[in-house]
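Report on one structure; see the data block that follows.
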Amino acid sequence: MKLFEVASKESPEMKQAKENLAGAESALRESIFRLGQTYYMAHKDDAAGEYADQVEMVRRQEENRRGFYQNVLRLEGKMMCENCGTIIPFGSAYCNSCGSRPDMRKTEPAKAAGAQNETAATAEPAGVVCKNCKAVLDAGSAFCSACGSKVE
């Protein structure tokens, strides 16, 4: 009886076989993930049948994730336009990308972000201003975030 057995070296052929197996398993997991993602995207609005519960669970998790993301944006003094998905300053009356009114919930941005916004509001206007309401425009804005006018 040996007290210490020396681990046998793996042959190059065995090592290659294990690498091939790991690669095949990884590819299989990726394919199953993509299949599930494709199925979900095709049926998230009309889930029925034996997978309806799973589709509904993913939809709820997606909504939950969106809520957390919107909270992070709020804490950063930002929000997302519900129409086009552009990230805009919190409290904007209009999206500076598509011109629509964003979701205006009754929540306040974080105090630090609010302090930054107050400083910006009291500072001298720098850059381009809206011809309609004289609000300072963000660089590259297609619409004024204060009044919704198209930037010319």
Side-chain angles (χ1 to χ4, degrees), residues 1-120 123 126-128 135-146 148 150-152:
M1 177 185 204
K2 293 184 179 180
L3 293 175
F4 298 100
E5 290 189 31
V6 177
S8 63
K9 263 189 156 178
E10 217 172 58
S11 71
E13 186 178 7
M14 177 60 85
K15 186 176 179 180
Q16 185 62 50
K18 287 182 177 180
E19 286 176 10
N20 291 344
L21 176 61
E25 288 173 342
S26 178
L28 177 61
R29 279 191 302 276
E30 179 65 24
S31 294
I32 291 170
F33 172 78
R34 287 185 184 177
L35 173 64
Q37 193 173 38
T38 301
Y39 182 88
Y40 173 71
M41 295 307 289
H43 298 284
K44 69 180 180 179
D45 295 325
D46 63 351
E50 71 181 286
Y51 301 111
D53 291 341
Q54 289 91 340
V55 170
E56 180 59 24
M57 180 180 66
V58 172
R59 191 190 61 71
R60 284 192 312 262
Q61 290 170 340
E62 197 173 59
E63 287 177 9
N64 194 28
R65 184 207 124 337
R66 183 177 178 89
F68 286 130
Y69 179 65
Q70 288 174 335
N71 192 44
V72 167
L73 289 175
R74 180 187 61 83
L75 292 170
E76 293 175 340
K78 302 173 187 174
M79 59 193 267
M80 184 187 335
C81 173
E82 296 293 325
N83 185 51
C84 71
T86 299
I87 305 302
I88 57 178
F90 187 87
S92 296
Y94 294 89
C95 174
N96 60 15
S97 184
C98 71
S100 69
R101 290 188 63 83
D103 180 15
M104 298 297 292
R105 295 192 178 128
K106 303 271 186 202
T107 57
E108 293 297 320
K111 289 182 181 181
Q116 290 172 351
N117 291 341
E118 288 172 16
T119 303
V128 182
V136 177
L137 300 171
D138 294 329
S141 296
F143 294 88
C144 176
S145 62
K150 184 162 180 64
V151 175
E152 296 179 23

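Predicted model only: the values in this text are computed from it and were never measured.
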Check your understanding: So, the side chain of Ser31 versus the backbone of Ala27: is there a donor-acceptor pair under 3.5 Å, distance only?
Key -> yes
Check your understanding: Considering only heavy atoms from C-beta outward, does the side chain of Cys98 approach that of Cys81 to under 4.5 Å?
Key -> yes
Practice item. Test side chain to side chain contact (heavy atoms under 4.5 Å, CB included) on Asn96 and Thr86 and set out the steps. Key: CA-CA 8 Å; Asn96 60 15; Thr86 299; 4.2 Å; yes
Point to revise | Nearest non-hydrogen partners of Leu73 and Met79, listed with the distance | key: CD1-C, 4.2 Å
**Study point:** Sequence neighbours excluded, every pair satisfying salt bridge (charged side-chain N to carboxylate O under 4.0 Å, His left out) that has a member inside residues 13-29
**Key:** Glu10-Lys18
Practice item. Indicate yes or no: at least one non-hydrogen side-chain atom of Lys150 is less than 4.5 angstrom from one of Phe143. Key: yes
Review point. Which is it for Lys78 and Phe90 under the side chain to side chain contact (heavy atoms under 4.5 Å, CB included) test, yes or no, and what are the steps along the way?
Key: CA-CA 4 Å; Lys78 302 173 187 174; Phe90 187 87; 5.6 Å; no
Practice item. Could you grab the distance from atom SG of Cys95 to atom CD1 of Ile87, nearest 0.5 Å is fine? Key: 9.5 Å
Point to revise | Whether Ser11 side chain and Met14 backbone form a donor-acceptor pair below 3.5 Å | key: yes
Could you tabulate the donor-acceptor pairs under 3.5 Å formed by side-chain atoms of residues 37-46, not counting sequence neighbours?
residue, atom, partner, partner atom, Å
Thr38, OG1, Arg34, O, 2.8
Tyr40, OH, Glu62, OE1, 2.9

Point to revise | Nearest non-hydrogen partners of Val151 and Cys144, listed with the distance | key: CG2-N, 4.0 Å
